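Heavy atoms only: backbone and side chains are in, while hydrogens, waters and symmetry mates are out. Because the structure is predicted, anything quoted here is derived from the model rather than measured. Quick note on labels: first sequence line is chain A, next is B, and so on, each numbered from 1.
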Number of protein chains: 2
Amino acid sequence: MSKRTEKTIVDIAEELQLSVSTVSRALNDHPNISARTKERVKKVAKKLGYRPNALAAGLRNNKSKTIGLIVPRISMFFPATISTIIQNKLQEFGYNLIICQSNDSYEQEVALANTLYSARVDGLVVSTTLYTTDFSHFDVFRNNNIPLVFFDRVPKDYNVKVIKGDDYRGGYVATTHLAEKGCKDIVHISGPLTCCLYSDRVAGYKAALQEQGLPFKKSRIFYQELTRENAWQTCEKIFGQQPYPDGIFAANDTTAITIIEYCRKHGLRVPEDVKIVGYSNDPRTEIVTPSISSIDQYPGMMGERVVAVLMELINGRQSAEPRYSQEIIPIQLIERQSSAGKSKTGKKKLTLS
Amino acid sequence: MSKRTEKTIVDIAEELQLSVSTVSRALNDHPNISARTKERVKKVAKKLGYRPNALAAGLRNNKSKTIGLIVPRISMFFPATISTIIQNKLQEFGYNLIICQSNDSYEQEVALANTLYSARVDGLVVSTTLYTTDFSHFDVFRNNNIPLVFFDRVPKDYNVKVIKGDDYRGGYVATTHLAEKGCKDIVHISGPLTCCLYSDRVAGYKAALQEQGLPFKKSRIFYQELTRENAWQTCEKIFGQQPYPDGIFAANDTTAITIIEYCRKHGLRVPEDVKIVGYSNDPRTEIVTPSISSIDQYPGMMGERVVAVLMELINGRQSAEPRYSQEIIPIQLIERQSSAGKSKTGKKKLTLS
DNA sequence: TAAATTAATGCAAACGTTTGCAATAATCCA
DNA sequence: TGGATTATTGCAAACGTTTGCATTAATTTA
């Protein structure tokens, strides 16, 4: 029965008594082909329901018109937002995007890098695992001059194009803000230090403390994977013994939200007893009560820069370009109730008009 | 300089003085190849840094080991969760996933279907646009026996594999719940009726009203794209004139959350003055105050069924299988504060242990 | 009108695999 | 020990495109 249903350019060629090369060129609007021929070819192509085979073209051209993306997980606000932007932007350039999630597993990340290479993606965009410290699985891309861009969670000491947030500044601004609101004992809940993101924020936190004349105590930083469960446990640790901190800078919003819930449950008033600042400006920070101050990372800008750099790399003179460069996207503190001064109720920015 | 850096199986063959066929078979663990040869081949492959070219293999085999996914947007909770599950599950089966978002634009959906076909995906999974009523852009897949599975937002009158939530029941359960809690005047904020999802929920809503002996009024249903902005406007309409409803069934959680915000701003007490039920059990419903009752759609189950059906289609005797079948995933009402009875405070389900 | 130029089309190889079939090498059995 | 069986390996075509170069057709020029 239906053995060979797929139409190819040779079917078109036969039908029109043309050579396949002419058909191919006609479909690609090659200047050497007469207008009449192009028209005839396209008409028959439509009639036969011809669909180009991207695999064949990709094999021949050595390019797949496909970009790979590896992120920890697409269900988290920040990577999800960026993925969306990257996807939509790439579409404009005629590129497909293969979105993959490493689930924060190093092994999966390695496996994904390999399959994406095998798929001969024309470029790779990565935000690494929390635990990736060896980046050699990306060597294939570097060595074969396949555009490689890292964002947000970027490598240390690995020469590639990097687009990251200003995490040092983020940590600094958040901490300074808490201090200015009167906090004297500021706890920081950080992610694992293997991830440069967090070490930068910690550095900003320390710098701010010093500048504010507040003592830095090692015991006032907690390092953990920033999940809901861990946040809750850490709260139990923090509020398990006196003295309680009067400010908490959480390195992500899930943690900040969980702190709010913990405080509510245990009768701690936010911001009166303890002030809180989160990170990423996840929309959830706005709907929780009290709403949470957070550091906005301009995901839109970051996503657009990622695509821009990638396209430059793909189209540009790749040998000329420096293989390494670092671009820093600014951050901005969004003040909400959770860190409002004791006197005022704090201004609530409503996104609705 | 670095002209031809990519190693192929012919490089391996040359190095070992073997034929390419032997090398190919060795790499694929073909039984006819001696253990010794396999070992030698694999060793040299590793040494040379050989990476299989999936494009070439795909072209030859007429299969790409890649699945396409089209969803409205991956930044929404429900599609995001399902995408994650599908991705991770497919990975186990050795399939790649190309995630694409239509941004709820029919034109984009059509374009995506075409490119994914060109990419020769081995299967396509779709949750359609709100406005897709013509499904002919998927004909190529049907006609060429490429597994095609729809979920959540599924077509009407288009013979394919369908996995959907029990939206009729969802509408019914939500409405009945509100009625049982004492609501006499229940407004329903629905999505556009072009999407079967919403028409089913509306049907459930009507059925419940009737069963509860409550009158159905056309003016008590609002049809709109379920965005934050629209929700706010609709609130202004609803509470712009008396009588106020005492219950609102919102067809998604973004809407439900916005209603809460509106009520808070305007001094309406939830659940005392008006009770609210949302849809999808978005995690945000849990962190907002008051927390929002919602209909859980078991995204995990749905995602797993999607992949299961897809794999059956890919591996199974596809001619035997009926091309059409519909599977319905159950729903469950999660009761929270927003619909608690006047006397009780309502039980709050905390996910934390 | 013939030679020269330009426009349009065709030939055939190449991209890197896989696989049916043929061929060879190794092993077995009587 | 020789024929038969089995275990390995190789040949060559095929998958559907694209493209450099050669060829033919159409047009221009002298």
Side-chain angles (χ1 to χ4, degrees), chain A residues 3-42 44-45 48-66 115 117-122 140 144, chain B residues 3-42 44-45 48-66 115 117-122 140 144:
Chain A
K3 261 284 153 54
R4 207 171 120 3
T5 146
E6 303 247 341
K7 298 299 181 184
T8 71
I9 53 173
V10 339
D11 294 314
I12 302 177
E14 274 169 9
E15 172 125 359
L16 285 168
Q17 297 287 41
L18 283 172
S19 72
V20 284
S21 22
T22 303
V23 172
S24 170
R25 282 190 260 250
L27 290 172
N28 292 322
D29 273 326
H30 190 285
N32 283 9
I33 302 297
S34 70
R36 201 177 95 81
T37 306
K38 282 182 188 173
E39 199 184 342
R40 288 172 64 214
V41 167
K42 285 174 183 171
V44 172
L48 295 181
Y50 165 75
R51 306 288 170 143
N53 185 322
L55 295 177
L59 174 60
R60 168 63 221 234
N61 294 335
N62 203 27
K63 61 177 61 164
S64 60
K65 278 285 178 181
T66 296
T115 24
Y117 186 84
S118 274
R120 292 302 187 268
V121 290
D122 294 339
V140 218
N144 291 69
Chain B
K3 261 286 152 55
R4 207 172 121 2
T5 144
E6 302 247 342
K7 299 298 181 184
T8 72
I9 55 172
V10 339
D11 295 313
I12 302 177
E14 273 169 10
E15 171 127 0
L16 285 168
Q17 297 287 42
L18 282 172
S19 72
V20 286
S21 22
T22 303
V23 172
S24 170
R25 282 191 261 251
L27 290 171
N28 292 322
D29 273 326
H30 191 283
N32 284 7
I33 302 297
S34 69
R36 201 177 95 80
T37 305
K38 282 182 186 171
E39 200 184 340
R40 289 173 63 213
V41 168
K42 286 175 185 172
V44 173
L48 295 181
Y50 165 75
R51 306 287 169 146
N53 184 322
L55 295 177
L59 175 59
R60 167 63 221 231
N61 294 333
N62 202 27
K63 60 176 63 163
S64 59
K65 279 284 177 182
T66 295
T115 24
Y117 186 85
S118 273
R120 293 300 187 268
V121 292
D122 294 339
V140 219
N144 292 67

>> Between B:E15 and B:K7, does any side-chain N to carboxylate O distance fall below 4.0 Å?
In response: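 No, no charged N to carboxylate O under 4.0 Å.
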
> Rounded to whole angstroms, how far apart are CG on A:L27 and P on D:dT19?
Replying inline: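 Checked: the CG to P distance equals 13 Å.
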
> Near DNA chain D, under 4.0 Å by heavy atom, which residues of residues 51-61 of chain B?
Replying inline: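 Hits under 4.0 Å, by residue number: B:L59, B:R60.
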
> How close or far is atom P of C:dG16 from atom CD1 of B:I12, stated in whole angstroms?
Replying inline: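 One finds 13 Å between P of C:dG16 and CD1 of B:I12, rounded.
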
>> Check the phosphate of D:dT9 against B:T22, side-chain N and O only, distance under 4.0 Å to OP1 or OP2. Yes or no?
In response: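 Indeed not, no polar side-chain atom of B:T22 lies that close.
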
>> Please determine whether a side-chain nitrogen or oxygen atom of B:T37 lies at a distance below 4.0 Å from atom OP1 or OP2 of D:dT9.
In response: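 Yes, such a contact exists.
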
> If you look at every strand shown and take non-hydrogen atoms under 4.0 Å, does B:S24 touch a base, only sugar-phosphate, or nothing?
Replying inline: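 Touches a base.
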
> Could you give the CD1-to-P distance, from B:I33 to C:dA25, as a whole number of Å?
Replying inline: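 To the nearest whole Å, that distance equals 16 Å.
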
> Name the one of B:V23, B:I9, B:T22 that satisfies side-chain contact (heavy atoms from CB on, under 4.5 Å) with B:V41?
Replying inline: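 Exactly one option meets the side-chain contact (heavy atoms from CB on, under 4.5 Å) with B:V41, and it is B:V23.
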
> Between A:H30 (NE2) and C:dA8 (P), how many Å, whole number?
Replying inline: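 These atoms are roughly 12 Å apart.
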
>> Could you check whether atom NZ of B:K38 has more than 12 heavy atoms from other residues, nucleotides or ligands sitting under 6.0 Å from it?
In response: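 It does: B:K38 NZ has more than 12 such atoms within range.
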
> How long is the gap from OG1 on B:T8 to CG on B:N53, to the nearest 0.5 Å?
Replying inline: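 Separation between the atoms: 9.5 Å.
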
>> Can you work out whether B:Y50 or A:A35 has the more 5'-proximal nearest nucleotide on DNA chain C?
In response: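 Result: A:A35.
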
> Just how far, in rounded Å, is P of D:dT9 from CG of B:L16?
Replying inline: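 Value for this atom pair: 11 Å.
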
> What is the distance, rounded to the nearest whole Å, between atom CD of A:Q17 and atom P of C:dG10?
Replying inline: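 Going from CD in A:Q17 over to P in C:dG10 covers 10 Å.
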
> 5'-most contact on DNA chain D: B:R120 or B:V23, nearest heavy atom basis?
Replying inline: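 Looking at the nearest nucleotide for each, B:V23 comes out on the 5' side.
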
>> Side chain of A:N32 only, heavy atoms from C-beta on: which candidate in C:dA8, D:dG16, D:dT18 is closest?
In response: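 Of all the options, the side chain of A:N32 is nearest to C:dA8.
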
> Is B:S118 reaching over with its side chain to a backbone N or O of A:A54, donor-acceptor style, under 3.5 angstrom?
Replying inline: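 Here the side-chain-to-backbone pair does not exist.
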
> Rounded to whole angstrom units, what separation is found between the NZ atom of A:K7 and the C1' atom of D:dG16?
Replying inline: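 Computing the A:K7:NZ to D:dG16:C1' distance gives 15 Å.
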
>> Please tell me if A:N28 has a side-chain N or O lying less than 4.0 Å from either OP1 or OP2 of D:dT18.
In response: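 For A:N28, the contact criterion (side-chain N or O under 4.0 Å from OP1 or OP2 of D:dT18) is met.
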
> For A:K42, does the NZ atom have more than 12 heavy-atom neighbours from other residues, nucleotides or ligands under 6.0 Å away?
Replying inline: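 Check passes, neighbour count above 12.
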
> Rounded to the nearest Å, what distance is computed from the CZ atom of residue A:R36 to the P atom of nucleotide C:dT9?
Replying inline: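 After rounding, the gap between these two atoms is 9 Å.
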
> Under 3.5 Å, is there an N or O donor on one side and an acceptor on the other linking the side chain of B:S21 and the base of D:dC11?
Replying inline: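 In this structure, the two groups form a donor-acceptor pair.
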
> At under 4.0 Å, does any side-chain N or O of B:S19 touch on OP1 or OP2 of D:dG10?
Replying inline: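 B:S19 to D:dG10 OP1/OP2: side-chain N or O found under 4.0 Å.
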
> Going from OG on B:S24 to CD1 on B:I12, what distance comes out if it is rounded to the nearest 0.5 angstrom?
Replying inline: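 Here the rounded value is 10.0 Å.
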
